[in-house]
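First up is the structure itself, then whatever we jot down about it.
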There are 2 protein chains.
Amino acid sequence: MYSSHLTSLARGAAHPAFALQSNELTLESLFAAQPAERLPSGAAAFWEGDPATHLLQVAEGCLRLYRVLGDGRRAVIGFRFVGELIGISCYGSYSYTAEAVTHVRIRRITRTRLQAREQEIPEIRPLVMAKMFQEMDAAQRHIIVLGQLGAEERVAHFLVSAAMRMGGEQGEAVLIDLPMTRLDIADYLGLTIETVCRAMSKLKHHGIIALDGRHSVTVLRLSDLRSMAGDVDDLSGFHDQCALAQLPN
Amino acid sequence: MYSSHLTSLARGAAHPAFALQSNELTLESLFAAQPAERLPSGAAAFWEGDPATHLLQVAEGCLRLYRVLGDGRRAVIGFRFVGELIGISCYGSYSYTAEAVTHVRIRRITRTRLQAREQEIPEIRPLVMAKMFQEMDAAQRHIIVLGQLGAEERVAHFLVSAAMRMGGEQGEAVLIDLPMTRLDIADYLGLTIETVCRAMSKLKHHGIIALDGRHSVTVLRLSDLRSMAGDVDDLSGFHDQCALAQLPN
DNA sequence: TCAAATGTGTTACAGTTCGTTACAAACGCA
DNA sequence: TGCGTTTGTAACGAACTGTAACACATTTGA
C-alpha cells in the first residue's frame with residue numbers, strides 16, 4: 001500500500017485531516033531548510049544496513065523501499081511519494097534500501113538535527129510520532145493484504161489505494177500515475193509479474209479500469225474496484241475523534 | 001513472528017543485548033507498580049476500535065492480536081508472551097483486538113501515566129521508542145515472510161522464531177511451547193489449518209521436529225529447520241554497534 | 001540520427017502449490 | 001458416559017506460478 005497523502009487519508013482513515021494538515025506544514029518547513037538532492041532513476045538514497053543517520057523527505061518523484069533475501073528474492077516493502085518521509089521507523093541502521101523509481105529530489109535531515117529542533121519546538125515530536133503510528137498502521141494493513149487477500153484482491157486494493165492517494169472520489173474516473181514497473185508491484189504484493197498483468201487485464205476486460213501505456217491507469221468504476229479489494233480498510237469513524245484527543249507527544 | 005524476548009534477540013538481531021537488558025528492567029518496574037488483571041482464555045483485553053488509553057504488559061500467558069475483515073476473514077497480526085508489551089504502536093484507538101490464548105495475567109498503564117513517568121525519568125522514552133522500532137522491524141519482517149515465502153518456509157520460519165524465543169542454540173533439541181491453535185498459526189501465516197498441519201507433518205516425517213500433543217514441538221535439528229526458513233533474518237552484525245550509538249530519545 | 005540491444009508488459013499453455021472438502025480423532029461439558 | 005464441538009489430516013480441485021513467445025518501449029552505441 002502507498003504511504004498515504006493527506007487527501008487519501010481524508011477518506012475515513014485513522015488520522016484527522018486537521019492534524020495532518022499542520023503535520024505537513026511544520027515538518028515540511030523543517031525539511032525546506034535543507035538542500036534538495038537529485039537522484040537519477042535507479043540510484044539508491046541509502047542501502048539496507050547503512051547507519052540510519054538521516055530522515056528523508058521526498059520533494060519530487062517516487063522511491064521504492066526494498067529488502068533482498070539471502071537467496072536473491074526481493075521484497076518491496078513500500079513506495080514513497082512527494083511529501084512523504086523515509087527512514088522514520090528505522091534506528092541504528094536502515095532496515096531496507098531506498099531506491100529511486102523515477103528521477104527524484106529528496107531532502108535529508110540528520111536525526112541529531114531533528115532532535116535539536118524538537119527541543120526548540122515541542123510541537124514537532126507529536127508530528128513525528130504521528131508519522132510513526134501511520135507507518136505502523138500501514139504495515140499492519142499490508143500484512144493483512146498479503147495474508148488474507150488473493151491475487152486479484154491484492155491488485156484491486158493496490159489500485160484503490162493509488163486512487164485514494166490521487167484524491168479519487170466515488171463515481172468519477174480517476175487517473176492514476178504508476179511510475180514503478182510491474183515487477184515492483186509484484187514484489188510489493190507478493191505476486192509474480194504475470195499475475196499482476198493478468199489481474200490488470202481482467203480488470204480492463206471488465207471495464208473497471210483502462211490502461212494507457214505502462215504508467216497510467218484510469219479507474220473507471222471506483223466502487224466496483226473497491227468492492228473487489230477486500231475490506232482491509234474497514235475502519236469505524238470512531239477513530240477520527242479519538243485520534244485527535246489522544247495524540248501522543 | 002513472535003515479538004522476541006531478549007534471549008531470542010541475542011542471536012544477531014537488530015538490538016544490542018545491553019540496551020534491552022536495561023529496557024526490560026525499567027519498563028518492567030513501571031508495570032510492576034500496576035495491579036495484575038486476570039483474563040480467562042478467549043477473553044479480550046481490548047477490542048479493535050476501542051480508545052487506545054492503555055499500554056499492556058503480559059505478566060503471564062499468551063495473547064493473540066487480530067483483526068477481522070468485513071467479510072469475516074481473520075488476520076492474526078501477532079502473538080504476545082510474558083514480558084512483552086501490547087498497544088505500543090496504537091494511538092487514538094487500538095488497531096486490533098487482543099485476546100487471551102491461554103489464561104493470562106496482564107498489567108495496564110495509561111498513556112497519561114506513562115507520559116508523566118517519562119517526564120520524571122527521561123530514560124524511559126528511549127526504552128519505549130526502542131520497543132516501537134522493534135515492533136516496526138518485526139512487522140516488516142512479517143511482510144517479507146508473507147510476501148516471499150511459501151507455506152513450508154513460513155511454518156519453518158515460525159518455528160525457528162519460537163525456538164529463538166525459547167533460547168534455542170544450534171545443535172541441541174529445543175522444546176517449544178505453542179499455546180495457540182493451528183487456526184491461530186494459520187491466520188498468522190496467511191495459510192489454512194490444513195496447510196499448517198501438512199507442513200508440520202512433513203517436518204516430523206523428516207525428523208526435523210517431533211510433535212507431542214497439540215501444544216508442544218521439539219525441534220530436533222534446528223539448523224535444518226533454519227535452512228528451510230528463508231533468509232528473512234539475514235542481518236549483518238553491523239547493526240549491533242550502530243544501534244547502540246544511535247538510540248533515539 | 002538510426003539500428004541494435006536491452007528492458008518491460010502481455011498472453012497462452014503447462015506445472016505446482018495450497019485451498020476445499022471429507023472424514024477421523026480428540027477434547028470439553030452436561 | 002454420551003454428545004457436540006474443535007482440531008488434525010488426507011484426497012481432489014482451484015488458484016497461482018513458471019515457461020515460453022511475442023509485442024512494444026527505452027536505452028545504448030556507432
Side-chain angles (χ1 to χ4, degrees), chain A residues 40-43 64 71-76 99-103 145-159 176 178-206 209-217 228 230, chain B residues 40-42 64 71-76 99 101-103 145-158 178-206 209-217 228 230:
Chain A
S41 173
R64 60 188 155 241
D71 59 6
R73 280 181 281 187
R74 184 185 74 151
V76 172
E99 188 174 274
V101 171
T102 60
H103 166 265
V145 167
L146 295 180
Q148 299 300 322
L149 302 193
E152 287 172 24
E153 289 175 304
R154 293 182 202 186
V155 171
H157 189 272
F158 178 77
L159 294 175
I176 304 174
L178 294 181
M180 70 293 287
T181 63
R182 296 293 190 267
L183 180 59
D184 285 332
I185 299 173
D187 286 347
Y188 177 67
L189 296 179
L191 302 170
T192 62
I193 298 183
E194 291 81 12
T195 305
V196 172
C197 286
R198 286 183 190 111
M200 291 228 188
S201 298
K202 192 167 177 181
L203 289 171
K204 180 173 76 166
H205 182 258
H206 284 120
I209 63 172
L211 298 175
D212 179 26
R214 299 176 176 192
H215 301 300
S216 238
V217 180
M228 295 179 66
Chain B
S41 173
R64 62 187 155 242
D71 59 7
R73 281 181 280 188
R74 184 186 72 153
V76 171
E99 189 173 274
V101 171
T102 60
H103 165 265
V145 167
L146 295 180
Q148 300 300 322
L149 301 193
E152 286 172 24
E153 288 175 305
R154 294 183 200 183
V155 172
H157 190 272
F158 177 76
L178 293 183
M180 70 292 290
T181 63
R182 295 293 189 264
L183 180 59
D184 284 332
I185 298 173
D187 286 347
Y188 176 67
L189 296 179
L191 303 170
T192 61
I193 298 184
E194 290 77 17
T195 304
V196 172
C197 287
R198 275 196 286 260
M200 290 226 186
S201 298
K202 192 166 176 182
L203 289 170
K204 181 174 73 167
H205 182 258
H206 284 119
I209 64 173
L211 299 175
D212 179 26
R214 298 176 179 190
H215 301 299
S216 236
V217 179
M228 296 180 66

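Below, chains carry the letters A, B, ... as their sequence lines are ordered, and counting in each starts from 1. Atoms considered below: every heavy atom in the structure, side chains included; atoms not considered: hydrogens, waters and symmetry mates.
Between Val155(A) and Leu191(A) there is a side-chain heavy-atom pair separated by less than 4.5 Å. Side-chain atoms of His215(A) and Val101(A), non-hydrogen and from C-beta on, never get closer than 4.5 Å to each other. Counting heavy atoms from C-beta outward, Met228(A) and Leu203(A) have side chains that approach closer than 4.5 Å.
Across all non-hydrogen atoms, the minimal contact from Thr192(A) to Ala186(A) is C-CB, 3.5 Å. Of all the heavy atoms in Gly230(B) and Leu149(B), the pair that sits closest is CA-CD2, 4.1 Å.
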side-chain contact (heavy atoms from CB on, under 4.5 Å) assessment of His157(A) paired with Glu153(A): CA-CA 6 Å; His157(A) 189 272; Glu153(A) 289 175 304; over 6 Å; no

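The distance between atom CZ of Arg182(A) and atom C1' of dT10(C), rounded to the nearest whole Å, is 9 Å. In this structure, CD of Glu153(A) is placed 13 Å from P of dG19(C), rounded to the nearest angstrom. In this entry the distance linking CG of Leu149(A) with P of dG19(C) reads 13 Å, nearest Å. Atom P of nucleotide dC16(D) and atom CG of Leu191(B) are separated by 14 Å, given to the nearest angstrom. Protein atom CE of Met180(B) is 12 Å distant from nucleotide atom P of dG8(D), rounded to whole Å. One atom, CD of Gln148(A), and another, P of dC16(D), lie 14 Å apart when rounded to the nearest Å. Remark: P of dG19(C) and CZ of Arg73(B) are 12 Å apart, rounded to the nearest angstrom. dT11(C) atom P lies 10 Å from atom NE2 of His205(A), rounded to whole Å.
Gly213(A) comes within contact range of no nucleotide atom at all, as no heavy-atom separation falls under 4.0 Å. Base contact: Ile193(A) has a heavy atom under 4.0 Å from a base atom. Within the 4.0 angstrom heavy-atom criterion, no nucleotide atom of any strand lies near Ile185(A). Residue-level contact check: Thr195(A) touches the bases, meaning some heavy atom is under 4.0 Å from a base atom.
Closest-nucleotide positions on DNA chain D for His215(B) and Glu152(A) were compared, and the one nearer the 5' end corresponds to His215(B).
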Protein proximity profile, nucleotides 18-23 of chain D - base contact B, sugar-phosphate-only contact S, no contact -, cut-off 4.0 Å on heavy atoms: BB----

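Each of dT10(C), dT9(D), dT8(C) was ranked by its minimum atom distance to the side chain of Leu211(A); first place goes to dT10(C).
A salt bridge is defined here as a Lys NZ or Arg NE, NH1 or NH2 lying under 4.0 Å from an Asp or Glu carboxylate O, and Asp184(A) with Arg74(A) meets this definition.
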